[in-house]
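Proteins come first, then strands; the chains are lettered A, B, ... in the order of their sequence lines, and each starts at number 1.
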Amino acid sequence: MLSGRRREMTPPLPEWRQFVLESPPIEHIRDPSPMTVVTRFAPSPTGFLHIGGARTALFNWLFARHHGGIFHLRIEDTDRVRSTEAAIEAIIDGMKWLELGWDGEIVFQFARAPRHAAVVQELLAAGKAYPCYCSVEELEEMRKAAMAAGKPMKYDGRWRDRDPGDAPAGVKPVIRLKAPQSGETVVADGVQGEVRVANEQLDDMVLLRSDGTPTYMLSVVVDDHDMGITHVIRGDDHLTNTFRQRQIYDAMGWEAPHFSHIPLIHGPDGAKLSKRHGALGVEAYREMGYLPEALRNYLLRLGWAHGDDEIISTAQAIEWFDLPGIGRSPSRFDFAKLDNLNGHYLRQATDADLAGEVARRLGRAGDAAALALLARAMPGLKTRAKNLKELAENAAFYIQARPLALTDKAQAMLTAPEAKALLPRLMAAYEAEGEWLAGKLEERARAFAETEGLKLGAVAQPLRAALTGSTQSPPIFEVMEILGKAESLGRIGDTMV
RNA sequence: GUCCCCAUCGUCUAGUGGCCUAGGACACCAGCCUCUCACGUUGGUAACACGGGUUCAAAUCCCGUUGGGGACGCCA
């Protein structure tokens, strides 16, 4: 494993750069203890950390934490064209926001390319790999012909046993694995069970590109082996890749890790997740006002179950998480359920934390007075919002400067003759109030309504419009207490000009 | 085209042959609470894709059909 000592020696560079500088690419970092569970999350930095990746990361993290093991983050940046630093940062920010901490330094796959190439040299020396000089045109023809003939689309192995002397001049070969041509390859999957495929279906995969860089198929195997990964938990889309990877493990005589392929997440329409529905980066969920603990709980329940339990704290999840609990069928992303869960965690959050978040969203981060006011208002506010964005919108009236902006409905209510007649007298009654407490204020409103021959609602609604600028708000007498006498009377007065 | 995987209420799921006239949660509908909107609470609608087997007994096991998904790159 990666040692803690190395971390202390690292220069003050961005955390995610450290491994690149510190790690000698050709080095075995296999954990000496075979009993320790080691998992990893290995995204490719070609985009943000999307929701499916976040769930994969969560499962790996939970599994490692459950077993007191190690969880690594590995950036699969071997595609130099599509990998970007912005994507790397987005992934790291996403992991941090979700509070999925990794152990050791981040492993950058591209930095280990020399090690990957060295493994291929071993394979070549052992006669388990060979150079192939096929052109992309030839390959394309092969695929077309195979499809037309109703056969699997694969490379036909024409350079497998050919004399290297036949090599066309000036062509750099790729290196392919000399894969078994008969029999079958079996994978015992932790989720899908035993899965097998006939080796005739598989072709001799490319290990090293003609420019000498390793392919994904090779890199994952070498890195997972070198990092001592014991359990690979990843998306279902890798299930068929596993057969090929298995062949590399076998060729090297390495023990393969235990695989678990979790079903993919689909959009609400059952189709592949697109940007239209859930395939947003986790930062988009943060922006929408979802809490990391809510998202974790939601993602956990999407594809994993522990009986009828729905609300599962992270501590509880670590205690309970296991492979048998993972479902085998794909699931759809459902914002309604996420909203419900988020509402739950929102109500659970402390008023101070919420006030801070709201103040930030309203551009009043450092405003101590606003913070204090919001914190006091939070109990009434947090049952009425399902996310932080909504919470901030609903809280805005508390800290807005007079005169208040009014919604159309509030405006209509205040311009109605009944209200115009009512408010001045009600205001006069409140000016006499000495104890500015919700209970007292309500008593006074009730008494006032009775003498006027009105229902309480007929008094409370205009009051609400005047004090909050809206027809919906927390209990209005609670609002008055929090706002204070001066501000309350001021707002009522504003409606009479 | 070839191979692989999947299939319980609208959605997430419980269920590992009898405890299931299928349970929970979200959503939805109705009631209660109530100064609005929420929260909370009570109740309700709603599913084992289809067809064959195996068995005394099948949502659960087997086969097929249909439907969905995934993989077949010198992408990851």
Length of the CD-C1' vector between A:Glu310 and B:A27, whole Å: 13 Å
State the pairing partner of B:G40; accept Watson-Crick or G-U wobble contacts with both distances under 3.5 Å, and report none otherwise. B:C32
Is there, by distance only and without an angle test, a donor paired with an acceptor across the side chain of A:Lys337 and the base of B:A27 below 3.5 Å? no
To the nearest angstrom, the CG-P distance between A:Leu202 and B:C3 comes to 13 Å
Rounded to whole Å, please give me the gap between CG in A:Asp211 and C1' in B:C74. 8 Å
Give a yes/no answer on whether the side chain of A:Arg347 brings an N or O atom under 4.0 Å of OP1 or OP2 in B:G40. yes
Would you mind reading off the distance between A:Phe477 atom CZ and B:U34 atom P, rounded to a whole angstrom? 14 Å
With hydrogens left out and only the distance checked, is there a donor-acceptor pair under 3.5 Å joining A:Asp308's side chain and the base of B:G23? yes
Nucleotide paired to B:U54 in any strand shown, Watson-Crick or G-U, under 3.5 Å: none
Checking base pairs now: Watson-Crick or wobble, both atom distances under 3.5 Å. What partners B:A71? B:U2
Flag the pair A:Trp304 / A:Phe321 as yes when their ring centroid distance falls below 6.0 Å, and as no otherwise. yes
Inter-nucleotide P distance (B:C29, B:G69), Å rounded: 30 Å
Tell whether A:Arg464 reaches the base of B:C35 with its side chain through a donor-acceptor pair below 3.5 angstrom. yes
So, A:Arg301 and A:Asp309, do they make that salt bridge, N to O below 4.0 Å? no
Under 3.5 Å, is there any donor-acceptor pair linking the side chain of A:Ser210 to the base of B:C74? yes
Under 3.5 Å on both distances, the Watson-Crick or G-U partner of B:A59: none
Determine, using ring centers only, whether A:Tyr298 and A:Phe333 are less than 6.0 Å apart. yes
Nearest heavy-atom approach of A:Thr468 to A:Val479 is CG2-CG1, 4.1 Å
Under 4.0 Å between any heavy atoms, over every strand shown, what does A:Pro330 touch: base, sugar-phosphate, or nothing? Just pick one. sugar-phosphate
In whole angstroms, the gap separating P of B:G67 from NE2 of A:His266 amounts to 17 Å
Name the closest nucleotide to the A:Leu239 side chain, picking from B:C39, B:A76, B:C5. B:C5
Here the distance between atom P of B:A76 and atom CE of A:Met217, to the nearest Å, is 9 Å
Taking the C1' atom of each, how far is B:A22 from B:A14, in whole Å? 10 Å
Pick the C1' atom in B:A57 and in B:U66, then give their distance to the nearest Å. 28 Å
Would you say A:Asn241 reaches B:A76's phosphate, i.e. side-chain N/O to OP1/OP2 under 4.0 Å? no
When both distances are under 3.5 Å in a Watson-Crick or G-U wobble arrangement, the nucleotide paired with B:A14 is none
Please classify the nucleic acid contact of A:Gly303 as base, sugar-phosphate, or nothing, using heavy-atom distances under 4.0 Å. sugar-phosphate
Under 4.0 Å between a side-chain nitrogen and a carboxylate oxygen: does that hold for A:Asp223 and A:Arg115? no
B:C74, OP1 or OP2 - any side-chain N/O from A:Thr215 closer than 4.0 Å? no
Do NZ/NE/NH1/NH2 and the carboxylate oxygens of A:Glu141 and A:Lys144 come within less than 4.0 Å? no
Rounding to an integer number of Å, can you tell me how far A:His306 NE2 sits from B:G15 C1'? 15 Å
Between A:Arg328 (CZ) and B:U13 (C1'), how many Å, whole number? 15 Å
With respect to the side chain of A:Val197, which nucleotide from B:A38, B:C3, B:A76 is positioned closest? B:C3
Side-chain N or O of A:Arg244 less than 4.0 angstrom from OP1 or OP2 on B:C72? no
Hey, do the aromatic rings of A:Tyr249 and A:His225 have their centres closer than 6.0 Å? no
